[in-house]
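Everything below concerns the one structure shown next.
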Amino acid sequence: MSKTFDRYASVILFIVGIGIIMESMKISESAYGSNVGPNIFPMGLGIILVLLCIRLFYETFRYPSGEQTKQALDVKRFLLILGAAVLYAWLLETVGYVITTFLFLLFAFQVMQRGEWWKSVLIAAVFSYGIYYLFVEVMDGTLPGFPVWFQ
Amino acid sequence: MSTLQYLLDGFAVAFQWHNLLFAFFGVLIGTAVGVLPGIGPMSGVALLIPVTATLTNGLEPSAAATSAIILLAGVYYGAMYGGSTTSILLNTPGESSSVVTALDGYQLAKQGKAGSALSIAAIGSFAAGIFSLIGLTLLAQPLSNVALSFGPADYFSLMLLGLCAVSGLAGKSLTKALIMTVLGLFLGTIGIDVVSGVARFTFDLPILYSGIEFLTVAVGLFALGEVFKTILENDSTDAPIAKIGRILPSKQELKQSAGPIARGSLLGFFIGVLPGAGATLASFFSYITEKKLSKHPEKFGQGAIEGVAAPESANNAASGGAMIPLLTLGIPGSGTTAILLGAFIMYNIQPGPLLFSDHPDVAWGVIASMFIGNVMLLILNLPLVKVFAKIISVPVKYLLPIIVAISFFGVYAVSFSTFDLFLLLGCGVLGYLFAKHDYPVAPLVLSLVLGPMIENNMRRALTISNGDFTVFLTEPLSLIFLIIAALWMLIPVILKKRGKKVIVNEEG
């Protein structure tokens with residue numbers, strides 16, 4: 001258990017809870033034919049969340065102060081792949097499914113382990129075009145196709 | 001019509017050639033999902049929803065729903081079969097429900113008996129699957145008849161009971177589990193309120209009007225969270241895979257496992273029916289029971305065939321049992337059944353007591369297909385287990401990016417918005433952080449699915465009672481459910497206070 005993480009989480013979620021209560025005060029209090037408005041349920045949730053966060057914050061003081069086992073995290077690799085995924089999401093609609101998926105996979109394969117370029121290119125190409133072909137041509141689904149300048 | 005007649009009609013639906021194909025692909029993919037360590041039944045089912053949605057495009061709504069659920073349910077119980085393979089061969093459970101199988105299964109594999117351990121696991125899974133299906137068939141109609149008399153207040157309390165049960169057993173800290181439940185319920189309120197038409201928590205962003213897509217959240221928290229964890233912590237296994245050897249078990253091994261299979265099925269089924277306690281707890285309990293009953297408890301952990309037979313039967317029986325509250329009451333008791341419920345709702349079919357009277361073809365078609373699916377799984381798993389074992393050696397470096405790509409595809413094919421892709425990535429990061437710090441994510445997904453229904457029933461009950469909140473306590477059934485819910489939360493806390501070890505259920 002990480003004391004710091006739980007403290008941050010409880011403070012952030014506490015603020016979220018307050019936000020929920022404030023926002024639900026703005027929601028209309030009545031609905032047609034009923035005196036129970038759409039505000040009651042979220043309001044209740046906000047109050048419970050705030051109470052639970054206070055409880056969690058209090059609990060963090062009672063954690064046994066044991067040794068933290070530090071784990072070596074491969075942050076660089078993670079950030080590279082996450083960054084690539086963000087770009088992938090960003091460009092999906094403008095550049096099209098096949099190209100973005102191919103590039104994302106190729107990049108991610110190489111980040112995971114360098115080398116074996118041919119295999120990476122082949123798997124990325126088969127996957128990206130294979131999914132597109134199966135989904136769009138065979139099953140009549142919709143995915144962003146190729147960009148105009150590519151055709 | 002009698003239950004038997006309904007079941008035969010269900011078989012007529014399930015034996016349509018396309019439904020046979022759906023069942024086959026469901027159990028095939030399910031076995032693969034069970035074998036692959038990166039994906040659990042929950043993310044497997046979630047990832048396949050968009051694919052099934054497109055596959056069933058041309059069919060009429062209820063037939064489409066039947067076929068889709070047949071496939072998705074196949075993935076669910078198929079994963080229970082596949083999970084044992086890696087436990088036995090690699091000592092790495094592919095599924096949390098197969099953790100205890102590894103204890104004895106891997107020892108057996110080391111002694112060169114991997115083949116018989118795998119086949120006993122498959123036979124036990126089959127027997128348990130059929131047993132729990134018979135239970136489902138017999139209980140479905142009477143239970144849904146009882147549920148028909150429930151009023152809104154009863155439903156509200158029953159769903160609350162389901163949520164309490166899941167969060168009471170999930171993770172190490174009850175406070176954290178409850179926080180996750182409340183967050184899930186809150187996410188469910190975002191969007192246009194269906195009763196009054198008022199926009200809530202949308203901040204005038206049109207993208208939020210239709211609410212948060214549960215599929216995006218589920219795939220992000222489970223599939224991507226798991227992928228990010230593997231990337232960050234670099235915990236890929238390079239252990240040698242044990243040789244399988246002779247596949248058929250000996251007569252003596254069959255005789256030894258008959259009892260454990262029967263007890264595991266029974267125990268697993270009843271644990272599966274309970275909300276919150278799923279396949280993991282079932283396999284755990286049945287293992288302990290067998291160890292207590294055995295004349296040679298010292299053999300457990302050293303490679304006892306009973307130690308494979310019992311938990312593998314129990315987790316399959318539990319997955320069948322978990323379908324009962326889902327189909328008859330419309331209340332999922334676990335993460336995976338919550339996702340199945342979401343799939344039903346996507347097809348505009350509400351599971352619950354009315355399912356059996358409004359859409360008998362859907363309900364009984366799915367039940368009948370599960371019988372067929374179990375037979376397929378037995379055939380797939382006995383002779384072909386060597387083929388499936390090959391899947392284990394798929395290198396992680398290819399697997400992880402492909403899982404990311406599949407989840408992108410799945411989410412985009414359902415929502416058609418890049419907003420959902422960013423939400424997906426955000427949920428993935430959060431899913432990793434939450435899971436790492438013991439915040440259980442299953443209650444969040446469950447409450448996201450149940451949230452709108454809970455709110456509707458609460459408001460209907462309060463409207464009938466003119467805003468009087470005591471209605472939940474004066475309705476007898478509702479009061480009973482609330483008391484059980486409170487007990488479910490309090491008993492583990494009291495047990496912990498007295499220094500007893502409480503088993504937690506970490507599964508999807």
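Predicted, not measured: the structure shown is a model, and the values here were computed from it. Within every chain, numbering begins at 1; the chains are lettered A, B, ... in the order of the sequence lines, protein sequences first and strands thereafter.
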query: So what's closer than 4.5 Å to chain A heavy atoms on B:Leu183: side chain, backbone, both or neither?
result: side chain
- prompt: In terms of heavy-atom pairs under 4.5 Å, which option from A:Gly19, A:Pro144, A:Gly46 contacts chain B the most?
  reply: A:Pro144
- prompt: So which part of A:Leu13 gets closer than 4.5 Å to some heavy atom of chain B, the side chain, the backbone, both or neither?
  reply: side chain
task: Please answer whether the main-chain N or O of A:Pro38 pairs with a side-chain N or O of B:Arg200 as donor and acceptor at a distance below 3.5 Å.
output: yes
message: Heavy-atom count check: over 12 atoms from other residues, nucleotides or ligands less than 6.0 Å from B:Phe25 CZ?
response: no
field: Separation between CG of B:Leu399 and CZ of A:Phe109, rounded to the nearest 0.5 Å
entry: 9.5 Å
- prompt: Atom CG of A:Leu134 and atom CG of B:Leu55: how far apart are they, to the nearest 0.5 Å?
  reply: 9.5 Å
field: B:Lys397/A:Glu116 ion pair, N-O < 4.0 Å
entry: yes
Separation between OG1 of B:Thr175 and CG of A:Asp6, rounded to the nearest 0.5 Å: 10.0 Å
- request: Would you please go through residues 84-97 of chain A and name the residues with a non-hydrogen atom below 4.5 Å from one of chain B, in numerical order?
  value: A:Ala85, A:Val86, A:Tyr88, A:Ala89, A:Trp90, A:Leu92, A:Glu93, A:Tyr97
query: Side chain, backbone, both or neither: which part of B:Leu224 has a non-hydrogen atom closer than 4.5 Å to chain A?
result: neither
message: Given heavy-atom pairs under 4.5 angstrom as the criterion, report whether the side chain, backbone, both or neither of B:Tyr398 touches chain A.
response: both
task: Using non-hydrogen atoms and a 4.5 Å limit, figure out which bit of B:Thr189 sits close to chain A: side chain, backbone, both or neither.
output: side chain
Closest non-hydrogen atom pair between B:Ala405 and A:Leu105, with its separation: CB-CD2, 4.0 Å
- prompt: Of the non-hydrogen atoms in B:Ile179 and A:Leu56, which two are nearest, and what is the gap between them?
  reply: CD1-CD2, 3.8 Å
- request: May I have the step-by-step check of ring pair (Phe, Tyr, Trp, His ring centres under 6.0 Å) for B:Phe434 and A:Phe5, ending in yes or no?
  value: CA-CA 10 Å; B:Phe434 280 145; A:Phe5 182 88; 7.2 Å; no
- prompt: Between CG of B:Leu462 and CD1 of A:Ile40, what distance do you get to the nearest 0.5 Å?
  reply: 6.5 Å
- request: Counting only heavy atoms closer than 4.5 Å, note whether A:Ser120 contacts chain B via side chain, backbone, both or neither.
  value: both
- request: If the plane angle is over 60° it's perpendicular, under 30° parallel, otherwise tilted; pick one for B:Tyr432 and A:Phe78.
  value: tilted
- request: Report the relative orientation of the aromatic rings in B:Phe409 and A:Phe135; use parallel for angles under 30°, tilted for 30 to 60°, perpendicular for over 60°.
  value: perpendicular
query: Do you know which two heavy atoms are closest between A:Ala9 and B:Tyr439, and how far apart they sit?
result: CB-OH, 3.5 Å
query: Does any heavy atom of chain B fall under 4.5 Å from the side chain of A:Gln110, the backbone, both, or neither of them?
result: neither
query: In terms of heavy-atom proximity below 4.5 Å to chain B, should A:Leu45 be classed as side chain, backbone, both, or neither?
result: both
statement: Counting heavy-atom pairs under 4.5 Å with chain B, the top scorer among A:Lys76, A:Met112, A:Lys119 is A:Met112
message: Around atom OH of B:Tyr209, are there more than 12 heavy atoms from other residues, nucleotides or ligands closer than 6.0 Å?
response: yes
- line: Taken to the nearest 0.5 Å, the spacing of A:Leu52 CG from B:Met180 CE works out to 12.5 Å
field: Heavy-atom pair count under 4.5 Å with chain A, highest-scoring of B:Tyr412, B:Phe416, B:Phe228, B:Phe203
entry: B:Tyr412
- prompt: When you look at A:Ile123 and B:Ile402, which way does the side chain to side chain contact (heavy atoms under 4.5 Å, CB included) test go after all the steps?
  reply: CA-CA 10 Å; A:Ile123 294 177; B:Ile402 284 181; 4.0 Å; yes
Contacting moiety of A:Ile131, where chain B heavy atoms sit under 4.5 Å: side chain
field: Least distance between heavy atoms, A:Phe104 atom then B:Pro401 atom
entry: CE2-O, 3.9 Å
Shortest non-hydrogen separation from B:Ile231 to A:Arg77 and the atoms involved: O-NH2, 2.9 Å
message: To the closest 0.5 Å, what do you measure between CG (A:Asn39) and CG (B:Asp193)?
response: 10.0 Å
- request: Could you look at B:Leu424 and say if it's the side chain, the backbone, both or neither that has a heavy atom under 4.5 Å from chain A?
  value: neither
